[in-house]
*Asks:* 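Please read through the structure below; I'll follow up with questions.
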Amino acid sequence: QVQLVESGGGLVQAGGSLRLACVASTRTFSSYSMGWFRQAPGKEREFVATISRSGRSSSYADSVKGRFTISRDDAKNTVWLQMNSLKPEDTAVYYCTADFGLGLSRNPATYDYWGQGTQVTVSS
């Protein structure tokens, strides 16, 4: 069982930045590809970004490409999501996920573990 704990959410004005962190409780963090999803009120959970087990490959939703960056540090069991140029439509609960598979999936059903989520609110 892997526990994922997110932090770094909050309230920010449009155009601002936030950096989300997710710490995993596992001795085999490097065996997991990691991802971020988000869910806004009344909407389905949607893919945001994912990073491969090696950290050499990543993939982003078109809506965040060029503004968000996913990264990982296996020595710290941590994955980050740097969010710049935030927009009100980025407002959502952001979830960290772990996948023991090949990685870079945009399908939430692929992921084995989920965090509790952290709220991000962007005001206009």
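When reading the values below, keep in mind they use all heavy atoms of this one structure, side chains included, and skip hydrogens, waters and symmetry mates.
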*Asks:* Considering the options Phe37, Tyr94, Tyr60, which one meets the ring pair (Phe, Tyr, Trp, His ring centres under 6.0 Å) requirement together with Phe47?
*Replies:*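 That would be Phe37; it is the only one of Phe37, Tyr94, Tyr60 passing the ring pair (Phe, Tyr, Trp, His ring centres under 6.0 Å) with Phe47.
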*Asks:* Without swapping roles, check the side chain of Thr121 against the backbone of Leu11 for a donor-acceptor pair under 3.5 Å.
*Replies:*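 No, the answer is negative, given that no donor and acceptor are paired below the 3.5 Å cut-off.
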*Asks:* How close do Ser124 and Pro88 get, counting heavy atoms only, and between which atoms?
*Replies:*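 Nearest heavy atoms, Ser124 then Pro88: CB-CG, 3.8 Å.
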*Asks:* Nearest 0.5 Å, please: how far is CH2 in Trp114 from OG1 in Thr97?
*Replies:*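 The OG1 atom of Thr97 sits 5.0 Å away from the CH2 atom of Trp114.
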*Asks:* Where do Gly9 and Leu20 come nearest, in terms of heavy atoms and distance?
*Replies:*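 Closest pair (atom of Gly9, atom of Leu20, distance): N-CD2, 3.6 Å.
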*Asks:* When you measure from the side chain of Ser52 to the backbone of Ser33, do you find a donor-acceptor pair of N or O atoms at a distance under 3.5 Å?
*Replies:*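 No, because the side chain of Ser52 does not come within donor-acceptor range (under 3.5 Å) of the backbone of Ser33.
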*Asks:* Please give me the minimum heavy-atom distance between Arg38 and Asp90, naming the atom from each residue.
*Replies:*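 Closest pair (atom of Arg38, atom of Asp90, distance): NH1-OD1, 2.9 Å.
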*Asks:* Nearest 0.5 Å, please: how far is CD in Glu89 from NZ in Lys43?
*Replies:*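 Result: 8.5 Å between the selected atoms.
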*Asks:* If hydrophobic clusters are built by linking Ile, Leu, Val, Met, Phe, Trp and Tyr wherever their side-chain heavy atoms come under 4.5 Å apart, do Met34 and Val23 end up in the same one?
*Replies:*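 The answer is no; the residues belong to distinct hydrophobic clusters.
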*Asks:* List the atom of Ser71, the atom of Ile51, and the distance in Å for their closest heavy-atom pair.
*Replies:*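 Where Ser71 meets Ile51 most closely, the heavy atoms are CA-CD1, 3.8 Å.
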*Asks:* Would you find a donor on one side and an acceptor on the other, under 3.5 Å apart, between the side chain of Ser58 and the backbone of Ile70?
*Replies:*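 Looks like no, no N/O pair under 3.5 Å.
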*Asks:* If every non-hydrogen atom of Asn107 is compared with every non-hydrogen atom of Ser105, which pair is closest and at what distance?
*Replies:*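 Asn107 and Ser105 have their closest heavy atoms at N-OG, 3.0 Å.
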*Asks:* Does atom CD of Glu46 have more than 12 heavy-atom neighbours, drawn from other residues, nucleotides or ligands, at distances under 6.0 Å?
*Replies:*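 Counting neighbours around CD of Glu46, more than 12 heavy atoms of other residues, nucleotides or ligands fall under 6.0 Å, so yes.
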*Asks:* Please answer whether the main-chain N or O of Asn77 pairs with a side-chain N or O of Arg72 as donor and acceptor at a distance below 3.5 Å.
*Replies:*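 Here the side-chain-to-backbone pair does not exist.
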*Asks:* Tell me if a side-chain donor or acceptor on Thr78 pairs with a main-chain N or O of Lys76 at a distance below 3.5 Å.
*Replies:*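 Confirmed, Thr78 side chain pairs with Lys76 backbone.
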*Asks:* Looking only at heavy atoms, which two atoms of Asp74 and Arg53 are closest? And how far apart?
*Replies:*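 Heavy atoms only, the tightest pair is OD2-O, 4.0 Å.
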*Asks:* Under 4.5 Å between side-chain heavy atoms, hopping through other hydrophobics if needed: is there a path connecting Val64 to Val12?
*Replies:*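 Yes; tracing contacts between hydrophobic side chains, which count when under 4.5 Å, links both residues.
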*Asks:* Do Thr50 and Tyr111 have side-chain N/O donor and acceptor atoms under 3.5 Å apart?
*Replies:*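 Yes, a side-chain donor-acceptor pair sits under 3.5 Å.
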*Asks:* Counting neighbours of CD on Gln3 that are heavy atoms of other residues, nucleotides or ligands and sit closer than 6.0 Å, is the number greater than 12?
*Replies:*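 No, the 6.0 Å shell around CD holds no more than 12 heavy atoms from other groups.
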*Asks:* Report the distance from atom CZ of Arg19 to atom OG of Ser7, rounding to the nearest 0.5 Å.
*Replies:*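 Arg19 atom CZ to Ser7 atom OG measures 10.0 Å (nearest 0.5 Å).
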*Asks:* Can a donor-acceptor pair be found between the side chains of Asn84 and Ser17 at a distance below 3.5 Å?
*Replies:*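 There is such a pair between these side chains.
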*Asks:* Does any non-hydrogen side-chain atom of Leu81 lie less than 4.5 Å from one of Thr69?
*Replies:*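 SC-SC contact between Thr69 and Leu81 ruled out.
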*Asks:* Under the side chain to side chain contact (heavy atoms under 4.5 Å, CB included) rule, collect the residues that match up with Gln39, sequence neighbours excluded.
*Replies:*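 In terms of side chain to side chain contact (heavy atoms under 4.5 Å, CB included), with neighbours along the sequence ignored, Gln39 is linked to Arg45, Tyr95.
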*Asks:* Do Thr118 and Val93 come close enough that some side-chain heavy atom pair is under 4.5 Å?
*Replies:*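 No. Closest side-chain heavy atoms not under 4.5 Å.
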*Asks:* Quick one: do Trp80 and Leu86 end up in the same hydrophobic cluster if we chain Ile, Leu, Val, Met, Phe, Trp and Tyr together by side-chain heavy atoms under 4.5 Å apart?
*Replies:*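 Unlinked, Trp80 and Leu86 end up in two clusters.
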*Asks:* Do Thr91 and Gln119 have side chains that approach each other closer than 4.5 Å (heavy atoms only, starting at C-beta)?
*Replies:*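 A side-chain contact under 4.5 Å exists here.
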*Asks:* Keeping the roles fixed (side chain from Glu6, backbone from Cys22), state whether a donor-acceptor pair exists under 3.5 Å.
*Replies:*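 Absent.
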*Asks:* Are Val79 and Val2 connected in a single hydrophobic cluster, I mean Ile/Leu/Val/Met/Phe/Trp/Tyr linked by side-chain heavy atoms less than 4.5 Å apart?
*Replies:*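 Yes, Val2 and Val79 fall within the same hydrophobic cluster.
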*Asks:* Roughly how far apart are Ser85 OG and Phe68 CZ, rounded to 0.5 Å?
*Replies:*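 Between Ser85 OG and Phe68 CZ, I get 9.0 Å after rounding to 0.5 Å.
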*Asks:* When you measure from the side chain of Asp112 to the backbone N and O of Phe100, does any donor-acceptor pair fall under 3.5 Å?
*Replies:*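 Yes; judged by distance alone, with no hydrogens or angles, the pair exists.
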